[in-house]
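Have a look at the structure below, then the notes.
To find a chain, count down the sequence lines: A is the first, B the second, and so on, and within it residues start at 1. As a basis for the values below, the full set of heavy atoms in this structure was taken, side chains included, without hydrogen atoms, waters or symmetry mates.
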2 protein chains.
Amino acid sequence: MAVVSSSALDADIATRLKRDDAGLVPAVIQQHDSGEVLMVGWMDDEALHRTLTTGRVTFWSRSRGEYWRKGDTSGHVQHVRSVALDCDGDTLLVRVDQVGAACHTGARTCFFTDLGAVAGA
Amino acid sequence: MAVVSSSALDADIATRLKRDDAGLVPAVIQQHDSGEVLMVGWMDDEALHRTLTTGRVTFWSRSRGEYWRKGDTSGHVQHVRSVALDCDGDTLLVRVDQVGAACHTGARTCFFTDLGAVAGA
């Protein structure tokens with residue numbers, strides 16, 4: 001049974017959301033104009049509520065166990081453009097306007113390590 | 001302690017991979033040219049190994065408990081273009097050439113439900 005945090009999240013959305021055992025769903029963060037996938041974070045109901053209503057992306061930090069409004073420390077703010085839920089309700093796609101680097105390493109995107117895949121035909 | 005399936009996955013990659021308690025990592029699937037985010041699936045070591053070496057995307061289906069090579073039933077094959085690991089080793093970005101619809105509903109992408117976010121400044 002998933003943990004569901006007390007939240008002001010819209011009831012219709014809360015009903016559709018399929019959370020993991022920790023009450024979280026992954027959120028893919030994409031730069032709205034270039035299409036670049038910047039990072040993946042995690043949201044509980046309250047983080048999603050804040051993201052939907054404030055114009056700024058808020059995550060639940062699994063490592064620190066606290067809400068994390070992206071950019072508050074680094075200045076690398078994510079301004080929300082749109083939020084979509086996937087067909088089975090267990091993943092979010094958040095399109096943003098990213099200020100500066102999305103990655104804590106200073107890279108624009110967190111996905112900078114290529115694994116050398118064999119390309120398909 | 002995460003479950004790690006026996007696999008022929010490259011040892012360097014296996015060392016860097018941070019799996020959840022079920023031995024899985026989320027894989028964001030993106031159309032390589034348009035940048036469209038199509039879906040998110042899950043991979044264990046063996047699914048990643050197959051994805052890296054065969055040119056076709058293979059997931060671990062959490063609902064069915066089996067490997068799932070995308071398109072074998074539907075024809076909606078995902079040809080691999082590249083695979084990247086994120087900075088903390090717990091998420092994959094797979095760029096593909098998607099044949100037909102990525103979503104089981106027949107939609108091109110699984111992210112077709114807009115949640116009506118307030119846009120940021």
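- Here L115(A) is the residue among L115(A), V57(A), V80(A) with the most heavy-atom pairs under 4.5 Å with chain B.
- Under the 4.5 Å side-chain criterion, counting only non-hydrogen atoms from C-beta, V118(A) is not in contact with L52(B).
- M39(A) is connected to M43(A) through a chain of hydrophobic side-chain contacts under 4.5 Å among Ile, Leu, Val, Met, Phe, Trp and Tyr, so both are in one cluster.
- Using a 4.5 Å cut-off between heavy atoms, A107(A) does not touch chain B at all.
- Proximity to chain B (any heavy atom under 4.5 Å) is shown, for V37(A), by both the backbone and the side chain.
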Show me the side-chain donor-acceptor pairs of residues 96-103 of chain A shorter than 3.5 Å, one per line, residues at least two apart or across chains.
from   : atom 1 : to      : atom 2 : distance (Å)
D97(A) : OD1    : Q31(A)  : NE2    : 3.1
Q98(A) : OE1    : Q78(A)  : NE2    : 2.8
Q98(A) : NE2    : H76(A)  : O      : 3.3
Q98(A) : NE2    : A101(A) : O      : 3.3

Could you list the donor-acceptor pairs under 3.5 angstrom formed between side-chain atoms of residues 83-90 of chain A and any protein atom two or more places apart in sequence or on another chain?
from   : atom 1 : to     : atom 2 : distance (Å)
D86(A) : OD1    : G89(A) : N      : 2.9
D86(A) : OD1    : D90(A) : N      : 3.0
D86(A) : OD1    : T91(A) : N      : 3.3
D90(A) : OD2    : R62(B) : NH2    : 3.2

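- Side-chain atoms of R81(B) come within 3.5 Å of backbone atoms of G120(A) as a donor-acceptor pair (strictly under, hydrogens ignored).
- Cluster membership check: V28(B) does not share its hydrophobic cluster with V25(A), using side-chain heavy-atom separations under 4.5 Å among Ile, Leu, Val, Met, Phe, Trp and Tyr.
- With chain A as the partner, the residue from S34(B), P26(B), A121(B), G116(B) showing the most heavy-atom pairs under 4.5 Å is A121(B).
- Y67(B) and W42(B) fall within the same hydrophobic cluster, defined by Ile, Leu, Val, Met, Phe, Trp and Tyr side-chain heavy atoms under 4.5 Å apart, directly or through other members.
- For R16(A), the part lying under 4.5 angstrom from a heavy atom of chain B is the side chain only.
- In this structure, CZ on F111(B) lies 11.5 Å from CZ on R95(A), to the nearest 0.5 angstrom.
- By number of non-hydrogen pairs under 4.5 angstrom with chain B, the leading residue of L92(A), T54(A), L48(A) is L92(A).
- Using a 4.5 Å cut-off between side-chain heavy atoms of Ile, Leu, Val, Met, Phe, Trp and Tyr, with links allowed through other members, V94(A) and W68(A) fall into the same hydrophobic cluster.
- Not one N or O on the side chain of E36(B) forms a donor-acceptor pair closer than 3.5 Å with the backbone of G35(A).
- By the 4.5 Å heavy-atom criterion applied to side chains, V40(B) and L93(A) are not counted as neighbours.
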